[in-house]
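Below you'll find the structure, written out as structure tokens, and then a few comments.
First listed ligand is number 1; within each ligand, the first listed atom is number 1.
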Amino acid sequence: MNSILITGGAGYIGSHTVRQLASNYQVVVIDNLVYGHKDAIVDSNVLLVEGDLGDTELVRSLFTEYGFDAVIHFAAYAYVGESVTEPAKYYQNNTAAPLNLLDVMNEFNCKKFIFSSTCATYGNPIYVPIDEKHPQAPINPYGQSKLMLEKILMDYDYAYGIKSVRLRYFNACGASQDAVIGEDHDPETHLIPLALMSVKGEFPQLTVFGTDYPTPDGTCIRDYIHVEDLGRAHVLAYDYLTSGGDSLSCNLGTGRGVSVKEIIDTCKEVTGQEVPHIYGERRAGDPPELVADPTLAKEKLGWVAKHKDVKDSIQDAWNWMEKAHGGRYAK
Ligand code: UDP
């Protein structure tokens, strides 16, 4: 059975991916648990190692013990606003720390790397839907820190033969369909969880960031992709590299745009309750519309989103939040 190292595997997207890999591979998760949750690792055969990627000796000892065939790299900070005020944290953690990991991979002749990248690497789109040929011009340090690693990976392929799949996620959402794991950010800043938390009375009221965008209803349009669809893309990316696939960057989205107002309406439909909300100013750095062209992921990885309707994702997020734990992992 091949071994795979998953960094940040206790986080939101990482944990959903770990569950999909756990029965067919020996999975080792390294997570510093700053934002990740121990309880998001539910498979007893998955080893969770609490530690930092910057700890080269720890990473080396894991490679010595498990002889990893591949690395799936999720570990990163992902608060756009914070990245503007604390860029050092983002370049350290998202760009510099993975260099240690790549060095150790080289040392141990591990040549497959799957990377959580983001549509934030595109910056303000000049056309939508966005394909992979769209220019990459991030407008915040978060996007920049991810783009830098994408570029480093291209150089590492050329020089060291490390093959990588760079998966550019659009807006991750939802929870596992069995409501066992889900989204639990602290602080929470994302639209769907905040809308549902407003319904539950756990958040005073949602603020809609801007109603004067050049979109049909004036609110921003995003491409919301179910977290289990994202997880499956990593499994397929691993299969792709295992069968000799070349390095690749791929968008992961549904190809459909949904506005903030449509999300609020759908949350009302799913919960049967009003979503308390007010209209506010635009949030800095929000492009009016971000929608993926996911054609390449289909061609190269055989991946298409199964959950095309955001209502499915909102239903799963709501099921997870309605459980006894209230959508929260134990502290
Ligand atoms: N949004 C909003 N109110 C909120 C949070 C988000 O109106 O409290 C909007 C935001 O402007 C964007 C969309 O919802 O257009 C998705 O934002 P989110 O933070 O969930 O994801 P992002 O697009 O920033 O990755």
Side-chain angles (χ1 to χ4, degrees), residues 11-13 35 74 76-85 90 94 116-125 128-130 138-147 167-175 182-227 229-230 251-254 256-268 275-292 310 313-314 316-318 321 327:
Y12 176 40
I13 304 168
Y35 291 117
F74 292 98
Y77 293 140
Y79 288 106
V80 170
E82 184 186 64
S83 81
V84 176
T85 53
Y90 282 72
N94 295 3
S116 297
S117 190
T118 165
C119 64
T121 60
Y122 293 116
N124 282 321
V128 281
I130 300 170
I139 54 168
N140 51 60
Y142 166 66
Q144 194 73 261
S145 70
K146 291 278 188 174
L147 179 57
L167 296 170
R168 297 178 187 152
Y169 314 150
F170 281 65
N171 285 59
C173 64
E183 185 168 13
D184 178 4
H185 294 119
D186 186 16
E188 187 52 79
T189 60
H190 295 102
L191 177 64
I192 294 174
L194 286 181
L196 297 176
M197 286 162 70
S198 304
V199 169
K200 282 166 69 83
E202 291 172 3
F203 190 70
Q205 58 190 351
L206 181 73
T207 302
V208 175
F209 295 145
T211 51
D212 59 350
Y213 282 99
T215 59
D217 67 17
T219 64
C220 284
I221 291 177
R222 295 287 179 272
D223 184 336
Y224 294 89
I225 177 77
H226 195 290
V227 65
D229 276 327
L230 290 180
N251 288 339
L252 297 179
T254 62
R256 294 180 189 188
V258 180
S259 74
V260 175
K261 279 189 178 162
E262 287 170 328
I263 292 289
I264 292 174
D265 290 345
T266 312
C267 287
K268 181 179 170 185
V275 178
H277 65 278
I278 51 168
Y279 296 114
E281 295 300 308
R282 291 182 179 196
R283 182 173 69 177
D286 265 340
E289 186 171 2
L290 289 171
V291 177
V310 75
S313 307
I314 293 176
D316 289 340
W318 182 240
M321 287 174 74

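- With sequence neighbours excluded, the residues satisfying side-chain contact (heavy atoms from CB on, under 4.5 Å) with Cys119 are Tyr122, Phe170, Leu290.
- Judged as a side-chain contact (heavy atoms from CB on, under 4.5 Å), and not counting sequence neighbours, the contacts of Ile221 are Thr215, Pro216, Ser259, Glu289, Val291.
- Geometrically, Lys261 engages Tyr279 in a cation-pi contact defined by less than 6.0 Å to the ring centre and at most 45° from the axis.
- The immediate protein surroundings of ligand 1, defined as residues with any heavy atom under 4.0 Å of it, consist of Asn171, Thr189, His190, Leu191, Leu194, Leu206, Thr207, Val208, Phe209, Cys220, Arg222, Tyr224, Val260, Arg283, Asp286.
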Could you give the side-chain donor-acceptor pairs of residues 196-206 under 3.5 Å, partners two or more places apart or in another chain?
| from | atom 1 | to | atom 2 | distance (Å) |
| --- | --- | --- | --- | --- |
| Ser198 | OG | Leu194 | O | 2.7 |
| Ser198 | OG | Leu206 | N | 3.3 |
| Lys200 | NZ | Met321 | O | 2.8 |
| Lys200 | NZ | Glu322 | OE1 | 3.4 |

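- Inspection of the Tyr224 and Thr254 side chains reveals no N or O donor paired with an N or O acceptor under 3.5 Å.
- Here the two rings, on Tyr77 and Tyr35, have centers that are under 6.0 Å apart.
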